[in-house]
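Following: one structure in structure tokens, then a few remarks.
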Amino acid sequence: MGPLDKTVLVVEDNDINMRLFHDMLEARGYNVLQAQDGTEGWRMAREHRPDPILMDIQLPGISGLEVTKRLKADETLKSIPVIAITAFAMAGDQEKFLEGGCDAYIAKPISVSNLLQTVERLAKPLVAEREAV
Ligand code: MN
């Protein structure tokens, strides 16, 4: 258990990015779960109820946006915060991701401090976590 007792699920197909996210979150005290595609991410989100999910949008198979839409359409899963990560920061992207249910949006290249601040902001309060048990 990390000192924060928080679990972050990272859904990312790029090994180097996965390693980077894993290492920075673990160094900060988070428990880190890893999924390499949308299908595995969806399965692990249901199984582990992480808080929050770091979701790469460009994934093989089911996209990160599609996984997010499924999560947000499920009454038992929609409270899990989703932070979208994308390489394509184009006009209209932010609106598209937020409309799709993402709680926050970060464009690559990733700023470590921005990422950690966003994770910290969206991690569920301990009280809400206890109530959910
Ligand atoms: Mn990707």
Side-chain angles (χ1 to χ4, degrees):
M1 287 295 187
L4 302 168
D5 197 15
K6 297 289 182 193
T7 298
V8 181
L9 170 61
V10 181
V11 187
E12 169 64 83
D13 62 310
N14 179 284
D15 290 341
I16 295 168
N17 287 337
M18 176 65 94
R19 179 71 175 271
L20 173 71
F21 295 147
H22 172 274
D23 288 356
M24 74 170 75
L25 290 165
E26 196 172 73
R28 191 74 162 205
Y30 291 100
N31 308 307
V32 183
L33 296 172
Q34 304 178 50
Q36 292 189 320
D37 59 42
T39 304
E40 195 183 2
W42 166 242
R43 182 183 65 74
M44 291 183 76
R46 280 182 300 167
E47 191 177 331
H48 298 282
R49 311 291 174 104
D51 42 355
I53 299 173
L54 215 52
M55 184 79 76
D56 182 30
I57 294 297
Q58 288 80 32
L59 293 168
I62 311 170
S63 77
L65 190 57
E66 183 56 34
V67 176
T68 302
K69 286 177 178 171
R70 290 187 191 183
L71 288 167
K72 297 300 178 179
D74 186 317
E75 283 299 318
T76 67
L77 299 172
K78 68 181 186 185
S79 67
I80 299 174
V82 176
I83 301 166
I85 306 281
T86 182
F88 303 119
M90 295 188 292
D93 267 5
Q94 182 161 356
E95 290 73 16
K96 187 173 77 179
F97 299 140
L98 296 179
E99 279 169 19
C102 298
D103 298 273
Y105 160 83
I106 296 174
K108 294 175 183 173
I110 301 297
S111 147
V112 173
S113 62
N114 181 30
L115 182 110
L116 289 173
Q117 279 171 23
T118 305
V119 169
E120 201 168 311
R121 180 165 60 82
L122 290 177
K124 285 181 286 186
L126 204 54
V127 170
E129 195 169 81
R130 283 188 180 140
E131 282 170 355
V133 169

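In listed order, ligands and their atoms are each counted from 1.
Nearest approach of Gly100 to Thr68, heavy atoms of both residues: O-CG2, 3.7 Å. When all heavy atoms are compared, the tightest approach of Pro52 to Val119 is CD-CG1, 4.0 Å.
Between Val8 and Asp51, every side-chain heavy-atom pair lies at or beyond the 4.5 Å cut-off. Annotation: side chain of Ile62 is not in contact with side chain of Trp42 (no heavy-atom distance under 4.5 Å).
A side-chain donor-acceptor contact under 3.5 Å links Lys72 to the backbone of Lys78.
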Problem set entry | Check against salt bridge (charged side-chain N to carboxylate O under 4.0 Å, His left out), Asp37 and Arg43 | CA-CA 10 Å; Asp37 59 42; Arg43 182 183 65 74; over 6 Å; no
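Protein N/O/S atoms closer than 2.8 Å to the Mn ion (ligand 1): Asp13 OD1, Asp56 OD2, Gln58 O.
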